[in-house]
Amino acid sequence: MTPVSRAVDRRPARAGGKPTDDGAAATDGSTAPSTNGAGRAGGSALFDGYLEPDRPNPDAFDEMFNADGSVRAPYRHLHDAIAPTAAADLAARSEALDRAYMDQGITFSLSGKERPFPLDIVPRVISASEWSRLQRGIVQRVKALEAFLADVYNDAQIVRDGVLPRRLITSCEHFKRAAHLLNPPNGVRIHVAGIDLVRDQEGTFRVLEDNLRNPSGVSYVMENRRTMARVFPDLFTRQRVRAVADYATHLLHALRAAAAPNVADPTVVVLTPGVYNSAYFEHSLLARQMGVELVEGRDLFCRDNVLYMRTTEGEQQVDVVYRRIDDDFLDPLQFTPTSVLGVAGIMNAARAGNVVIANAVGNGVGDDKLVYTYVPQMIRYYLDEKPLLPNVTTFRCWLDEERGHVLDALDELVLKPVEGSGGYGILFGPNATAAELQKARKAIRDDPRGWIAQPVVQLSTVPTKVDDRLVPRHVDLRPFAVNDGEDVFVLPGGLTRVALPKGSLVVNSSQGGGSKDTWVLAASRSSEAERELGERGIASAAPARGPAAEHGPELSLGQQQQQQQQQQRQQRQQVQELGGMRQEQVPFRTEVRR
Amino acid sequence: MGWRIRVVHETGYKYSSPVHETYNEVRLTPRSDSHQNVIVSRVETVPATRAYRYEDYWGTQVTAFDLHAPHTELLVTGTSVVETGEAAEPVRDATWEDLASEAVRDRYTEMLEFTEYVGRDAELARIAKNLKRGKDPVDAALAACERVRETMTYQAGTTGVHTSATEAWQAGKGVCQDYAHLTLVLLREMGIPARYVSGYLLPRQEVEVGETVSGQSHAWIEARTGGWWGFDPTNGIPIGHRHVWVAVGRDYADVSPLKGIYSGGSAEALDVSVHMTRLA
């Protein structure tokens, strides 16, 4: 990025200064509902016809507006800031966001095509109390799933006690027998979890699915925030938004804590399938922020059950591998013999206790869509607690009576393949043709274990910019949890994905979705340091040290690639210094307002 | 315990150009149970390697090793001395109703499901149904073994390591691995939990003490009808003095004696020999 383009980026931020001024006036009214807040949703031109009765899925819970058009409390400041914006301003801001992402080259691959990831200009807001409930529910869920995985790969006591059938586990494609009795030193298997949540018609958060293998998307959480803070610093002055930039610090801490206790200063690496992987950007970002090497399978090898990294200064033992490669490709000796992405012998090295694989091999048995339906029982069984976050009602085609219901009511249900991901293979009953339904019924009868069905959940909506208006679009939420063995940290925020086509309930980015910056509001008494832009977090997101300081020796392979990374890193630091200058101003202004 | 048998199982690899890196897992170590008592067992390689041992999901002793010194030959030798017992009677403790119960079907689900080797086949399903009629589970299982033996012709070289039961059935020929897979298809169709056993068979009944004969890697099955019991469908005999078992699993893939990957060399020649000596 050149200084010129940075200047361009900043211009819309200044253009956005006007709403700030208006907002400052409006903030005075924060105790009483502001004019806009109390008014109808149509009070601003941007929101014209927002709650029109003939919109698709009118029963969906809108997160900004009550049914009577008044603004819900967590969104009040945001609404007041945005509502007076002229349509032209909105367009300028939106362009600035797009440009910011294009300039950074942040793209995702959609069915093989690279595209910029659409970031919507309206953030999604979660109040402190809502978040506190979510956070406790996520921690509970991760703990129960940890206990489940530990059990399944040892004695499977839960099966002996008849809580769930053995064949639920043995029939799961992601149950890895090669991981049997492979117990990591600190007991953690779910170093990183992504728990997908949706909000139903009543506004209740429900778990849609757990992701315990290689949940991706956290880079968007951080980049969305960084970009929003650059382009709309004014929005952040109105309320305290909790920081997300320290994710990598938590991740590195958890990975180091996972190493065998005898290792004083563990070497951690990030193992990526390579530049062609759709999440490569995230792999490189996390490695850079943690200050650890980003490696490919060919950079590593095992000898006598010890994992080494090839470097220009010789072999270096690796203690923890944060791998972003699927189980099946991780170890050609145990899984797919033709895999060139993985490292032969790594499973036995882990079994011998010489290296820790994060996330653990075989975690997929815990996020199987059928196993998911048993998570509430697991929470009661392992933790003796009441589940804090409800599941979405799910019908299991492998149980005769539930399959009967699915076959009868398929035209009202969403049918999902148990092994599917990325929104592929999902059938929306209400939109399906008779032929499609017939085909689906046959598929269910042929492979009952392969399908589950859920009622259509009218995902909640959040105002989203489409053309020059703000209109309701459906969203979900993927918060990220990091387990260091002592505590489960939940990053305050998460990836909010938004379904951009009108009426669409499919939020997956592989199905043409976009994303929103997700704001978790700080509790009113929380310290200044907790707040986004009130913290050093943004500026210190990347290691301030030179790249070589904490790094081991350079890899013998791909040095050119390394150099490119270093260039990026330097550019990033420049950008962050820029952000740092702004930071000094922002808390100051907040003080004045008080 | 009746007989004492020494088994020497040698596998040699030859490469046309030097191999620089090889990772292997060997399943050659017999385990003790009511049928056999393992006196000594070891796995050695030439060139020498540092072995790592663990017990896998199925309870089999695995010896893993890797070799990084360039080599054009690799010899893996498994040597065991095992005391073997007499043939045991089949366990007749379960009725068809017992086997159909949810408890049994769930507990032994892995030994009832079909795999790539032990795949479903309409013709075999029909045969299983007919064989089952009017018999108790044990007699039906024995009838299935008999049916496979009388239908198939034992012929080495017609099938390979990757041949499925159905393919062998269509060929009408095969080796012990195919006989075992076919029998498993029939037993699982009947609803009898059944597993694949790999091991060794002393080829002749009348072997002098001290005499070394060329033996063979062998495979047979075990069925669960209230308790596990074995039968050798290839020879139509129960599991007795001449059998030494090493590993059990759903099919061959779970118990393969030697698997590994290597890089460097281009072609390979595989040479396997099993020598068995009756010691007592």
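Chain identifiers are assigned alphabetically (A, B, ...) following the order of the sequence lines, protein sequences preceding nucleic acid strands; residue numbering begins at 1 within each chain.
When only modelled atom types and interatomic distance are considered, A:T373 and A:R396 share a side-chain donor-acceptor pair under 3.5 Å. Looking at B:S101 and B:D98, their side chains never bring a donor and an acceptor atom within 3.5 Å of each other. Residues B:E55 and A:H180 bring no donor and acceptor atom of their side chains to less than 3.5 Å of each other.
Taking the charged nitrogens against the carboxylate oxygens, B:E189 and B:R120 do have a contact shorter than 4.0 Å, which makes a salt bridge. In summary, B:E222 and B:R224 do not engage in a salt bridge, as defined by a charged side-chain N under 4.0 Å from a carboxylate O. A salt bridge links A:R213 with A:D367; the closest basic N to acidic carboxylate O contact falls under 4.0 Å.
Listed in order of number, the residues of residues 151-169 of chain A that approach chain B to under 4.5 Å between heavy atoms are A:P165, A:R166, A:R167. Within residues 340-355 of chain A, the residues having any heavy atom under 4.5 Å from a heavy atom of chain B are, by residue number, A:A344, A:G345, A:N348, A:R351, A:A352.
Residues B:D56 and A:R177 fail the side-chain proximity criterion, which asks for heavy atoms closer than 4.5 Å. The shortest distance between side-chain heavy atoms of A:R189 and A:N183 falls below 4.5 Å.
Taken to the nearest 0.5 Å, the OG atom of B:S198 stands 8.5 Å off from the CG atom of B:L28.
At a 4.5 Å heavy-atom cutoff, B:D254 makes no contact with chain A through either its backbone or its side chain. With a 4.5 Å cut-off on non-hydrogen atoms, B:R53 does not touch chain A at all. Both the backbone and the side chain of B:Y23 have a heavy atom closer than 4.5 Å to some heavy atom of chain A.
With B:F114 as the aromatic partner, B:R188 does not meet the cation-pi criteria of under 6.0 angstrom to the ring centre and within 45 degrees of the ring axis.
Between B:Y15 and B:Y262, the ring center distance clears the sub-6.0 Å criterion.
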